[in-house]
Protein chains: 2
Amino acid sequence: MTTDTSSRQTTSDELRLTALEQFASVGFAGASLAHIAEVAGYSKSSVLYHFASKEALLEAVLTPAIDRLEVILEQFLAQPETTATRMRFVDDFIDFILEFRLELHTFINQAQSLKGIAVIDRAGVLIMRLSNAICDNNASVEDQIRFGMALGGAAYTLVAGMNFSTPVNRATTSPDEIRSALRVVMIDLLAPVSVRSTPPATPTPPSAAPLLTPIETGK
Amino acid sequence: MTTDTSSRQTTSDELRLTALEQFASVGFAGASLAHIAEVAGYSKSSVLYHFASKEALLEAVLTPAIDRLEVILEQFLAQPETTATRMRFVDDFIDFILEFRLELHTFINQAQSLKGIAVIDRAGVLIMRLSNAICDNNASVEDQIRFGMALGGAAYTLVAGMNFSTPVNRATTSPDEIRSALRVVMIDLLAPVSVRSTPPATPTPPSAAPLLTPIETGK
DNA sequence: ACGCTAGTTGACCGATCGGTCAGCATCTGC
DNA sequence: GCAGATGCTGACCGATCGGTCAACTAGCGT
């Protein structure tokens, strides 16, 4: 057995990585086993030797990300909710997004068409729980939109959105710069929904509901 | 000739609509001509009679949305920039997103794999110009992320994100409610990039509404 | 030397893909 | 009546899809 616990790259790993890139860029339906194999430097038969089917390959590709997300969520739900734990949660979540951006992008944009596959359904309920954990009680439509835009927006921006920037921009932007900017925007997006739960003493005067001013929509 | 200028549904229209739904839900690669035809109630040959190829069908599906987006952008760029014109632009943009959510979702999430198709490339440069128009001078990384999250987040939330909500929620949420909530969040996201003089935002309410002066969305 | 297992591959399969083509209605103008 | 579009279809094509299978190679314990 090649049980190499260290960082060595096994065939399985290479195939998983290549498949992930393909799934994220051309979609699950658009990525053929033959093409994945060719890019990775193997034959289609080899792919099907390591993974029972195309669906099994998808599961193997996404499962680590979903596992990690589940850990983060459980850890957050296990503690009593304070501002500190909530911030810790947001930071963990940003770590997750940055580390598993391709997996997130794959799931976010294709979950609807992949319903029925185990890991996809599992991720679906996880996203639901995540949404409830952040918006929890009296989740308004606006709160749900804030969460959805944070999730879908991050997935898009970090994967597809970058391709619109000039190559110069992409090259000169350090990961740390992206991370801190993303953090600011994410917190800005999710702040109004989080303010609600932990104002023990300090106000938020009733006149100004957190950030929002009622706006009329003509039609 | 069936030049019916009124709202009658021609075969071409039915096919376009069905194709749009399929492209948005299972992706361009995953949507087969035979399945589109079957759902619409025609044969695959009929689809290829009205549209020269699968790519031509995609172009016919996306072009109206891109045309509309181009008009909005040109109109904004033609005027001197004031708070009023900028708000008008944001409202137009939200109208656009709501009306063409499926087209936007299709383009946003599959542009990278469809590069080379005319309408996709055209949409790509349009998005670039749009980003520059909103972030214009000294666009920081954070500004670009804000724009990307607004764009990708809206596309996701309005199409895929809704599927996670309970059916009850989906049914009881009126379009107007969604629209106004989306407007608040979008402006919240894009406000800092337009009012750059404002110091780094503390989540406290008073500083939050720089350009949120209530304006009728004349539509 | 031996058998066993893991890894890899090409040949092959039925199904489906996008696309072509000849033909069948239906309607129009003459 | 009929010539010519227009709309639509089934039969068919080569290519590619996901997946199966037998065969081959290389290493390892005995």
Side-chain angles (χ1 to χ4, degrees), chain A residues 1-6 8-23 25-62 106 110 113-120, chain B residues 1-5 8-62 106 110 113-120:
Chain A
M1 281 284 287
T2 57
T3 45
D4 192 334
T5 340
S6 78
R8 220 198 87 231
Q9 190 92 317
T10 73
T11 299
S12 228
D13 292 334
E14 297 177 41
L15 289 175
R16 251 197 304 267
L17 183 58
T18 305
L20 172 60
E21 291 164 355
Q22 291 297 314
F23 289 158
S25 65
V26 300
F28 179 75
S32 76
L33 293 180
H35 187 237
I36 293 171
E38 184 194 7
V39 172
Y42 294 89
S43 76
K44 187 180 65 174
S45 299
S46 267
V47 178
L48 286 162
Y49 168 79
H50 289 281
F51 306 94
S53 67
K54 196 184 181 186
E55 281 195 8
L57 175 57
L58 178 70
E59 303 229 24
V61 161
L62 293 186
T106 299
Q110 305 185 55
S113 63
L114 299 178
K115 245 176 284 185
I117 300 180
V119 70
I120 296 287
Chain B
M1 283 283 287
T2 59
T3 45
D4 194 335
T5 339
R8 220 198 86 230
Q9 190 92 319
T10 73
T11 300
S12 226
D13 292 334
E14 295 176 44
L15 289 176
R16 251 196 306 267
L17 182 59
T18 306
L20 172 61
E21 291 164 355
Q22 291 297 313
F23 290 158
S25 67
V26 301
F28 180 76
S32 76
L33 294 179
H35 188 236
I36 293 172
E38 185 194 7
V39 172
Y42 294 90
S43 77
K44 186 179 65 173
S45 300
S46 266
V47 179
L48 286 162
Y49 168 78
H50 289 281
F51 306 95
S53 68
K54 197 185 181 186
E55 282 195 9
L57 175 57
L58 178 70
E59 303 229 24
V61 162
L62 294 186
T106 300
Q110 304 185 56
S113 63
L114 298 179
K115 246 175 286 187
I117 300 180
V119 71
I120 296 287

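Lettering follows sequence order; numbering is per chain, from 1.
- The CD1 atom of B:Ile36 sits 11.5 Å away from the CG atom of B:Leu17 when rounded to the nearest 0.5 Å.
- When the side-chain nitrogen and oxygen atoms of A:Thr11 are compared with OP1 and OP2 of C:dG7, none of them lie within a distance under 4.0 Å.
- Across all strands shown, B:Ser32 has heavy atoms under 4.0 Å from sugar-phosphate atoms exclusively, and none from any base.
- Checking the phosphate oxygens (OP1, OP2) of D:dT9, a side-chain nitrogen or oxygen of B:Ser43 falls inside 4.0 Å.
- Within the model, atoms CG of B:Leu62 and CZ of B:Phe28 stand 9.5 Å from one another, a figure rounded to the nearest 0.5 Å.
- C:dC17 atom P lies 17 Å from atom CD of B:Glu55, rounded to whole Å.
- Rounded to an integer number of Å, the gap from CZ of A:Phe51 to C1' of C:dG7 is 13 Å.
- Here B:Leu33 lies in heavy-atom contact (under 4.0 Å) with sugar-phosphate atoms only.
- Contact annotation: the side chain of A:His50 never approaches that of A:Tyr42 to less than 4.5 Å [non-hydrogen atoms, C-beta and beyond].
- Side-chain contact between A:Val61 and A:Thr106 is absent, with no heavy atoms from C-beta onward closer than 4.5 Å.
- Distance CD1 (A:Ile117) to P (D:dG18): 13 Å, rounded to an integer number of Å.
- Atom-to-atom, CD of A:Glu38 to C1' of D:dC17 comes out at 15 Å; the value is rounded to the nearest Å.
- The side chain of A:Tyr49 contributes an N or O atom lying less than 4.0 Å from OP1 or OP2 of C:dG7.
- Here D:dA11 is the nucleotide among D:dA11, C:dG10, C:dG19 with the atom lying nearest to any side-chain atom of B:Ser45.
- Closest to the side chain of A:Ser46, from the set D:dG7, C:dG10, C:dT8, is C:dT8.
- Residue-to-nucleotide contacts include a donor-acceptor pair under 3.5 Å from the side chain of B:Lys44 to the base of C:dG19.
- OP1 or OP2 of D:dC8 has at least one side-chain nitrogen or oxygen of B:His50 nearer than 4.0 Å.
- Between B:Tyr42 atom OH and D:dT6 atom P the separation is 18 Å, expressed in whole Å.
- Rounded to a whole Å, the CG atom of A:Leu15 is 11 Å from the C1' atom of C:dT8.
- To the nearest angstrom, C1' of C:dT16 lies 14 Å from CD1 of B:Ile36.
- Within 4.0 Å of B:Ala31, counting heavy atoms only, lie sugar-phosphate atoms of the nucleic acid but no base atom.
- What separates CG of B:Leu48 from C1' of C:dA22 is a distance of 16 Å, to the nearest Å.
- The side chain of A:Ala34 has D:dC17 as its nearest neighbour among D:dA11, D:dC17, C:dA11.
- The closest side-chain heavy-atom distance from B:Phe51 to B:Arg16 is below 4.5 Å.
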